[in-house]
There are 2 protein chains.
Amino acid sequence: MAEPEPSSPRRSDSVFTRPPRGRRSQPALTRDRIVAGTIALLDREGSAALTMRRVAAELGVHATSLYWYVARREDLVDLAVDGILAEAAAGLPGPEEPWDLAVRTTARRFYAALTAHAWAAEFAGVRPLLGPNALALSRRIVAALGDSGGGEEAQAVAIRALANQILGAATTTVAMRVGAAAGGGTEDARAAAVSAADALAVENAYFDQVIDLLLAGIRARSAG
Amino acid sequence: MAEPEPSSPRRSDSVFTRPPRGRRSQPALTRDRIVAGTIALLDREGSAALTMRRVAAELGVHATSLYWYVARREDLVDLAVDGILAEAAAGLPGPEEPWDLAVRTTARRFYAALTAHAWAAEFAGVRPLLGPNALALSRRIVAALGDSGGGEEAQAVAIRALANQILGAATTTVAMRVGAAAGGGTEDARAAAVSAADALAVENAYFDQVIDLLLAGIRARSAG
DNA sequence: ACCTGAACACCGTTCAAGT
DNA sequence: ACCTGAACACCGTTCAAGT
């Protein structure tokens, strides 16, 4: 549906500069194209759609072709999750920001990216987040806690607590959305229903409060 | 392997007492037997082994027979997870226990059950925990927070924070175990390796500290 | 170098049929 | 009431083959 026909050699800019180009045109597939296609498919059809065959179909190619670029299905998962974290990892708070504000905005961006793509929150609970964007987000929080006034041990505990909180909050948020959608047929649920925009605002407000609770604990500890 | 032959009518005790027993013996399958078999299989072979066909094989029956007792695979997941939470939900702290101690021991039991069965932590991140044992654990924490001195809003935030923390901590703990096992071949990892008992003690200590951090935040808030 | 095609050993689930 | 058997529409992954 409206997909640029896969065999078209529309390669844009660098086609005139780098490659030998005499014998053969560039490959139809690239890792980036695969990641983009995977994310598009997941956004459209949800986590269950992540199969080698359907990703391949999204790209106008056969499932087995993907194995030239990734070793297994899990790699596709990891690449897609880290892909949607790019938005969150770009434009992190600078080093001049107060530590607690830096923690809060970084955590919020992390959480927002995971919940903006429900499939990402689902996968994040089952795969470790080790991609470059996830690491950049983690490192910003680690750096912020270095200014929190606590000792090394206290910082290590705080880091874990924040990581658990971000992941747990994202996971339970999307689980609650599913539950709300599934129960949406009942009268009670319908009576309690609010607009999607309001629901999102409520979710975000809860997340901020939960992070603030943790920050209060960190401050209480470093003051003690 | 060493399975009691499935067609044997060894029904134990109550065979002499209750059922009509004239026309037909009891069913080979029961929901409880299915849950027990599923847990045994998962403990032995991990989360990937949870397929209808393999659970059925574990019980000496055909995959399609399971559909008489459960509607779909997800039900098996939910039943197994709540099944292993039974140990945690039995013997919760009584109402005379101080609220913070009650929160800590209940959270610890919850976390311990999920991490004692790695598959349960994996599934818990992807399925909402709505079984009777999960609800009993949640309710004990809710009740404890009622004595924490905070307002209703503060309690609601604290409940979410604790739930996120328990789920997030269990998930990241098993993910780190997998990572440690996968990297176990490298020299660095081998040098840093500790005995399984020590590793478990470290995990548990971290969990306690993380919960204590949250409790410190709750106290700071209710005191403010 | 990069992609296809056939093949293997699986899946969940439905449904008619047996007893 | 409870279980089997056949069938459908899928899976991930390997590997030889094409270009």
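Chain A is the first sequence line, chain B the second, and so forth, proteins listed ahead of strands; every chain is numbered from 1.
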Residues in side chain to side chain contact (heavy atoms under 4.5 Å, CB included) with [X], at least two apart?
X: A:S65; result: A:L29, A:V61, A:H62
X: A:I141; result: A:T106, A:L145, A:L162, A:I166
X: B:T105; result: B:P93
X: A:N133; result: A:D82, A:L85, A:A86, A:A89

Those residues that, when tested against B:R109, pass salt bridge (Lys or Arg N to Asp or Glu O under 4.0 Å) (two or more places apart): none
Only pairs at least two apart or in different chains count here, so list each salt bridge (Lys or Arg N to Asp or Glu O under 4.0 Å) that has a residue in [range].
range: residues 111-125 of chain B; value: none
range: residues 136-145 of chain A; value: none
range: residues 65-79 of chain A; value: A:R72-A:E74, A:E74-A:R127, A:D78-A:R127

Residues from residues 118-131 of chain B sitting under 4.0 Å of DNA chain C, heavy atoms only?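 None, since no heavy atom is under 4.0 Å.
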Runs of at least three Watson-Crick or G-U pairs with DNA chain C, cut-off 3.5 Å: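 For DNA chain C the paired stretches long enough to count as stems (3 pairs minimum) are C:4-8 with D:12-16, C:12-16 with D:4-8.
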Under the ring-ring contact (aromatic ring centres under 6.0 Å, His included) rule, collect the residues that match up with B:Y111, sequence neighbours excluded.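 Partners of B:Y111 under the ring-ring contact (aromatic ring centres under 6.0 Å, His included) test: B:F207.
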Between C:dC10 and D:dC8 - C1' atom distance, rounded Å: 15 Å
OP1 or OP2 of C:dC3 sitting under 4.0 Å from any side-chain N/O of A:Y69?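 Looking at the OP1 and OP2 atoms of C:dC3, one of them is under 4.0 Å from a side-chain N or O of A:Y69.
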Less than 4.0 angstrom between a side-chain N/O of B:W68 and OP1 or OP2 of D:dC3, yes or no?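 Answer no for this pair, as no side-chain N or O of B:W68 is under 4.0 Å from OP1 or OP2.
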Which nucleotides of nucleotides 5-17 of chain D have their base under 4.0 Å from a protein heavy atom (B), which only their sugar-phosphate (S), and which neither (-), written as one string 5' to 3'? BB----BBBB---
Please report the interatomic distance OG1(A:T171) to CG(A:L167), rounded to the nearest 0.5 Å. 4.5 Å
